[in-house]
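Keep in mind that what you see is a predicted model, and the values were worked out from it rather than measured.
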Amino acid sequence: PTPPAEVVITRKDDLEKLSRLHAQLAAEQEQAADAGMKGRLREMEDTVRSIILHAHLSQEFASIGKSEPLWHSLDQVIDTIVAEMDLDFVHVQSLVKRLEVRADQGLSKALHNLLQYSLERDPRTYKVTIHYEVEPEGARIVYEDNGSGVPSESKAALFDASKDETHGLAYAKEVLQ
């Protein structure tokens, strides 16, 4: 898989420097008295946060397919994700009992990203269903939610890793393909 950015930050010390810069900008923003200065510092902080996010994402993308796929109990993976997330009033219906899948080690993160996107995209989402369909070459995992849907004009960019709001979906797509 191709990382979502042209430049991949692989050195840990560079990422640590960016994290320190992010913290310094946040501290300066809090102490700034001038509203204009606060705004400029907020923009810089947002830019650095985005660079850090993309660096982490690039590292995650680089790890896809690097190790041998593992067997996963899909129902257990989903149960673990649901237990770790704050789902409030969202019901996750898992219809994948006894389904074992051989997949990349990023499977859990990929499914987590799908669920997180459903919740963030439409706060009115209250039901997510995950099931499977048997096909001649195996099984297809189907993920559905009752959200408002994605507008037609946004569908082309839905799995665009360069966009902050959909980078998790791009990761999910790479892992699940």
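- The shortest side-chain heavy-atom distance between Asp14 and Lys17 falls under the 4.5 Å cut-off.
- Here the side chains of Glu45 and His22 are in contact, with some heavy-atom distance below 4.5 Å.
- Atoms CG and NZ, on Asp104 and Lys109 in that order, are 12.5 Å from each other to the nearest 0.5 Å.
- Distance check: Leu41 CG to Glu28 CD gives 6.5 Å after rounding to the nearest 0.5 Å.
- Annotation: side chain of Leu107 is in contact with side chain of Leu74 (closest heavy-atom distance under 4.5 Å).
- For the pair Leu114/Leu169, a side-chain contact is recorded, criterion being any heavy-atom separation below 4.5 Å from C-beta on.
- Following chains of ILVMFWY side-chain contacts shorter than 4.5 Å, one can reach Val134 starting from Leu176, so the two form part of one hydrophobic cluster.
- Between the side chain of Asn146 and the backbone N or O of Tyr126, at least one donor-acceptor pair lies under 3.5 Å.
- With rounding to the nearest 0.5 angstrom, the CG atom of Leu15 is 11.0 Å from the CD1 atom of Ile51.
- For Arg102, the side chain to side chain donor-acceptor pair (under 3.5 Å) partners two or more places apart in sequence, or in a different chain, are Glu68.
- Among residues two or more places apart in sequence or in another chain, the side chain to side chain contact (heavy atoms under 4.5 Å, CB included) test is passed with Asp75 by Ser73, Asp79, Ser94, Val96, Lys97.
- Among all heavy-atom pairs drawn from Glu174 and Ile64, the shortest one is CB-CD1, 3.7 Å.
- Every residue two or more places apart in sequence or in another chain that forms a side chain to side chain contact (heavy atoms under 4.5 Å, CB included) with Asp88 is listed here: Asp86.
- Residues Val82 and Met85 fall within the same hydrophobic cluster, defined by Ile, Leu, Val, Met, Phe, Trp and Tyr side chains chained together at heavy-atom separations under 4.5 Å.
- The number of heavy-atom neighbours closer than 6.0 Å to CD of Gln76, taken from other residues, nucleotides and ligands shown, is 12 or below.
- Taken to the nearest 0.5 Å, the CD atom of Gln93 stands 9.5 Å off from the NE2 atom of His131.
- Hydrophobic clustering (side-chain heavy atoms under 4.5 Å, transitive across Ile, Leu, Val, Met, Phe, Trp, Tyr) groups Ile141 together with Tyr143.
- Looking at Ser50, its side chain never comes within 3.5 Å of a backbone N or O of Asp46 through a donor-acceptor pair.
- With a 4.5 Å cut-off on side-chain heavy atoms, Leu115 and Leu87 count as touching.
- The two residues Ser108 and Ile81 make their nearest non-hydrogen contact at O-CD1, 3.3 Å.
- Atom CG in Asp145 sits 9.5 Å away from atom OH in Tyr117 (nearest 0.5 Å).
- When the side chains of ILVMFWY residues are joined at heavy-atom separations under 4.5 Å, either directly or via intervening members, Leu158 and Leu111 end up in a single hydrophobic cluster.
- No more than 12 heavy-atom neighbours from other residues, nucleotides or ligands sit within 6.0 angstrom of CD on Glu30.
- Under the 4.5 Å side-chain heavy-atom criterion for grouping Ile, Leu, Val, Met, Phe, Trp and Tyr, Val150 is connected to Val128 within one hydrophobic cluster.
- Taking each heavy atom of Lys38 and Ala32 in turn, the nearest pair found is CE-O, 2.8 Å.
- Nearest heavy-atom pair, Tyr171 versus Gly106, reported as atom, atom and distance to 0.1 Å: OH-CA, 3.4 Å.
- Here the shortest heavy-atom pairing between Leu70 and Gln105 reads CD1-CG, 3.4 Å.
- To the nearest 0.5 Å, atom OG1 of residue Thr125 and atom CZ of residue Phe89 are 14.5 Å apart.
- Taking both residues in full, the closest heavy atoms of Trp71 and Glu100 are given as CZ3-O, 3.8 Å, listed atom of the first, atom of the second, then distance.
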